[in-house]
Amino acid sequence: MAKLNILRYPDPRLHTVAKPVAAVDERIRRLVDDMLETMYAAEGVGLAATQVDVHERVIVMDTSGERHSPLVLINPEIIARSTELAVAEEGCLSVPQIYDKVERHARVTVRALGRDGAPFDLEAEGLVAVCVQHEMDHLVGKVFVEYLSTLKRERIRTKMLKKTREELRR
Ligand code: GNR
Ligand code: NI
């Protein structure tokens, strides 16, 4: 296994649209395992392949407190969504230390392939629903800050660029 580098906003590669996985083979299983290692090391509850500069429809998640319940979603599609919306505070490993409220569907049903290539449906609510919608946005090149006002987004962009520059100077 290997820990992968996580792209940081405003990296333009975060806006790449991922392609469907053609076959769940050894290469994809290795990607999944590397993404899980990367997510756990970063203490995130989810990670999309887009964030590690791989533009294929792969997501890993673990919303359990114990961090021993990995969930793998390959080629995820939302097959049902509640009309009811819910607002939750979100963060993103690609936008460290920024948290803000985002409104999304309160419940979603997602159809995906697992690490074994077998299809399954996930009925999500609460943090799982927030996280899976957040991750699926990454796969179409969307970062949660794009739901915020232009003013907030510009402030975040400036702050991130400054932070990355300072880190490079060290
Ligand atoms: O670790 C993460 N926490 C989180 C909290 C609230 C809503 C969404 C998330 S996802 C985020 C990890 C990440 O950036 N996934 O893309
Ligand atoms: Ni994210």
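Please read these numbers as outputs of a predicted model, since none were measured by experiment. Just follow the structure's listing: the first ligand is 1, and inside any ligand the first atom is 1.
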Would a distance-only check, ignoring hydrogens and angles, find a side-chain to backbone donor-acceptor pair under 3.5 Å from [X] to [Y]?
| X | Y | value |
| --- | --- | --- |
| T50 | H55 | no |
| E146 | V143 | yes |
| S82 | A106 | yes |
| H15 | G141 | yes |
| D62 | S69 | yes |
| D25 | I28 | yes |
| E77 | A112 | no |

Would [X] count as a polar contact of ligand 1, with the cut-off being nitrogen or oxygen pairs under 3.5 Å?
| X | answer |
| --- | --- |
| E43 | no |
| V45 | yes |
| L93 | yes |

Closest non-hydrogen protein atom to atom 11 (C) of ligand 1, residue and atom name please, with distance?
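For atom 11 (C) of ligand 1, the nearest protein heavy atom comes out as G91 O, 3.6 Å.
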Got the closest protein heavy atom to atom 13 (C) of ligand 1, with its distance?
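Protein heavy atom at minimum distance: G46 O, 3.4 Å.
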Cut-off under 2.8 Å, centre the Ni ion (ligand 2), protein N/O/S atoms:
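Within the sphere that stays under 2.8 Å of the Ni ion (ligand 2), the protein atoms of type N, O or S are C92 SG, H134 NE2, H138 NE2.
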Looking at [X], which atoms of ligand 1 are within less than 4.0 Å of one of its heavy atoms?
| X | answer |
| --- | --- |
| E135 | 10 (S), 13 (C), 15 (N), 16 (O) |
| E90 | 6 (C), 7 (C) |
| C92 | 14 (O) |
| V130 | 7 (C) |
| H138 | 16 (O) |
| G44 | 1 (O) |

Where do E135 and R57 land on the salt bridge (Lys or Arg N to Asp or Glu O under 4.0 Å) test, with the steps shown first?
CA-CA 10 Å; E135 303 312 337; R57 293 182 61 81; over 6 Å; no
For a side-chain hydrogen bond (donor to acceptor under 3.5 Å, both in side chains) check, start with the C-alpha distance between H134 and E90, then their side-chain angles and the critical distance, and finish with the verdict.
CA-CA 9 Å; H134 174 115; E90 295 196 18; 2.9 Å; yes
Cation over ring, K159 on Y9, under 6.0 Å and within 45°?
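The answer is no; the distance or angle limit is not met.
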Report yes or no: does a heavy atom of E89 sit under 4.0 Å from some atom of ligand 1?
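E89: in contact with ligand 1 (<4.0 Å).
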Closer than 4.0 angstrom, basic N to acidic O: yes or no for K163 and E166?
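So K163 does not pair with E166 through a salt bridge.
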Going by side-chain heavy atoms closer than 4.5 Å, which hydrophobic residues are tied to L139, directly or by a chain of links?
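Reading the cluster by chain and number, L139 sits alongside I59, M61, L71, L73, I78, V108, V110, F120, L122, V128, V132, M136.
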Select the closest option to atom 8 (C) of ligand 1 among H134, M39, Q133, judged by heavy-atom distance.
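Residue with the shortest heavy-atom distance to the ligand atom: H134.
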